[in-house]
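First up is the structure itself, then whatever we jot down about it.
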There are 2 protein chains.
Amino acid sequence: MIKNQMRMTHQRDIILREMRKCKDHPTADELYERIKKTLPRISLATVYRNLEILSTAGLIKKLEISGRRKRFDGELRRHHHVYCLLCHRVDNIDLGQEENFQFLPAAAGGYRITGCRIEFFGLCPDCQKKPQGDKKMGCKKCGTETLNDQQQQILKTLAQSAAACGSKDIAAAVKLEPKQISSQLTTLKKKGYVASPVRCKYEITEAGKSAIA
Amino acid sequence: MIKNQMRMTHQRDIILREMRKCKDHPTADELYERIKKTLPRISLATVYRNLEILSTAGLIKKLEISGRRKRFDGELRRHHHVYCLLCHRVDNIDLGQEENFQFLPAAAGGYRITGCRIEFFGLCPDCQKKPQGDKKMGCKKCGTETLNDQQQQILKTLAQSAAACGSKDIAAAVKLEPKQISSQLTTLKKKGYVASPVRCKYEITEAGKSAIA
DNA sequence: TTTGTATTTGATAATTATTACCATGTCAAT
DNA sequence: ATTGACATGGTAATAATTATCAAATACAAA
């Protein structure tokens with residue numbers, strides 16, 4: 001009467017090996033296509049089942065990001081991910097010095113926390129080239145007019161800062177010409193998205209926060 | 001010939017108001033049920049459409065966590081989430097001092113990053129009470145018998161230590177009750193993952209090392 | 001105010017991703 | 001050898017979301 005004990009079947013073993021070998025983050029059916037080359041008679045259901053089982057056993061990781069399809073990761077070392085909002089591609093990301101940052105949330109609301117995940121998102125190199133690019137919508141009625149990338153970057157930088165910033169602080173994070181930064185700050189001030197509590201210091205307004213959401 | 005300009009229809013307006021009003025993170029059809037009280041003739045498709053549109057416009061946030069169903073959040077201020085691995089409930093979480101931590105990934109692999117998301121997961125208060133609890137599986141063949149989080153943490157701590165540790169040394173690194181630590185050490189000893197060369201001193205075995213590898 | 005037209009709606013069909021089911025098969029321990 | 005837990009392949013069913021389309025609506029411009 002052994003319970004919750006899994007057997008290393010041939011199929012499961014092949015799936016695990018493939019997951020350990022591959023350097024990307026396949027979905028169940030992407031993996032199914034690869035596995036079929038080795039085991040042509042394997043069932044898609046078996047692949048789904050085993051990915052689930054292997055991840056609850058802690059032998060692989062399940063990534064529930066980037067839309068509707070689950071992805072899996074054979075790399076168990078602590079690392080994080082970026083994904084593309086357009087094509088849903090997922091890549092690893094290097095957090096540098098922050099890599100080992102420990103998050104211990106103060107108020108977990110009674111949760112027994114077993115893990116933490118940090119994800120970045122944006123546009124992958126390929127999707128940046130695509131003509132469509134900015135699909136963001138605005139609505140004049142509700143005051144959300146479209147902001148350009150520079151304006152958005154600046155607002156985001158301000159949003160992450162506790163204190164009011166000078167344009168140098170912004171330049172450090174945003175990589176734009178100082179001239180452009182101050183020009184954009186003026187525009188943003190006119191729109192009511194940033195305020196200047198002191199000369200040459202800027203901070204984001206509530207309207208600004210909702211504009212970058 | 002206006003492009004990417006959305007109109008504030010009555011339905012969209014009601015949906016946005018409801019999202020701003022509610023303090024939780026509804027799915028499309030949860031929101032649909034709420035909206036129907038105000039607009040009994042609204043279509044589920046309209047709710048889906050508008051949640052998508054409002055989130056690309058930045059008026060609400062889309063949360064792609066916790067399994068298959070998308071959730072949405074009317075709160076635009078910077079904050080993060082915890083979700084339950086069992087019941088998929090989602091709550092806000094307080095990161096305390098870390099709240100304003102700036103993530104600027106060193107190597108973004110060419111991505112234009114527009115955001116970052118930090119998620120915690122575990123068991124919510126209700127699901128902790130449920131009998132099932134640990135659904136984790138092990139496999140003797142591949143040496144992965146189930147270790148709980150505490151055991152893993154302890155093993156990892158021991159793995160990093162050159163000399164045999166007392167439970168105080170472990171407590172310093174692991175943040176657990178001394179009682180629990182010694183209880184887990186006993187279990188781990190029985191499993192052959194730790195050894196005790198001297199009374200009250202513990203060190204990891206080769207088997208223990210491969211168990212966390 | 002009226003009008004032209006892009007956008008939106010409700011209803012429903014279709015699609016996508018995943019899970020459930022089941023008859024059969026395998027393995028390990030009495 | 002028998003038993004019972006665990007697995008498999010094949011397929012049906014479900015869940016969540018997206019697509020389609022005729023009719024309605026919002027809103028800028030005349």
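FYI, side chains are in, hydrogens and waters are out, and symmetry mates aren't considered; it's all heavy atoms of this structure. Computed from a prediction, not measured in an experiment: that's the story for all the values here. All chains are named by letter (A, B, ...) in the order of the sequence lines, taking the proteins before the strands, and each is independently numbered beginning at 1.
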To the nearest angstrom, how far is [X] atom [atom1] from [N] atom [atom2]?
X	N	atom1	atom2	value
A:Asp29	C:dT18	CG	C1'	11 Å
A:Arg12	D:dG9	CZ	C1'	14 Å
A:Glu30	C:dT16	CD	C1'	14 Å
A:Met8	C:dC27	CE	P	14 Å
A:Lys36	D:dT8	NZ	P	17 Å
B:Lys62	D:dA16	NZ	C1'	13 Å
A:Leu51	C:dT18	CG	P	10 Å
B:Arg7	D:dA24	CZ	P	16 Å

Residue-phosphate contact under 4.0 Å: [X] side-chain N/O, [N] OP1/OP2:
X	N	value
A:Thr9	C:dT26	no
B:Gln11	C:dG10	yes
B:Thr27	D:dA16	no
A:Tyr48	C:dT18	yes
A:Lys70	C:dT19	yes
A:Arg41	D:dG10	yes
B:Arg49	D:dT18	no

*Between B:Glu52 and B:His10, which has a closest nucleotide on DNA chain D that is more 5'?*
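Result: B:Glu52.
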
*Kindly point out which of D:dT18, D:dG10, D:dA26 is positioned nearest to the side chain of A:Arg68?*
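Among D:dT18, D:dG10, D:dA26, the one nearest the side chain of A:Arg68 is D:dT18.
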
*Base, sugar-phosphate, or nothing: which does A:Asn50 touch, judged by heavy atoms less than 4.0 Å apart?*
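The residue A:Asn50 makes sugar-phosphate contact but no base contact.
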
_Measuring from atom CZ of A:Arg68 to atom NZ of A:Lys70, what distance do you get when rounded to the nearest 0.5 angstrom?_
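Spacing of CZ (A:Arg68) from NZ (A:Lys70) equals 13.0 Å.
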
*Would you confirm whether B:Arg12, through its side chain, and B:Asn50, through its main-chain N or O, come within 3.5 Å as a donor-acceptor pair?*
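Such a contact is absent between B:Arg12 side chain and B:Asn50 backbone.
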
*Does a salt bridge link A:Glu52 with A:Lys62, judged by any charged N lying under 4.0 Å from a carboxylate O?*
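Yes, A:Glu52 and A:Lys62 are salt-bridged.
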
_Shortest non-hydrogen contact between A:Leu16 and A:Met8, atoms and distance_ =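 Minimum heavy-atom separation between A:Leu16 and A:Met8: CD2-CE, 4.2 Å.
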
*Parallel, tilted or perpendicular for A:Tyr83 and A:Phe121, by the 30°/60° rule?*
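A:Tyr83 vs A:Phe121 ring planes: tilted.
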
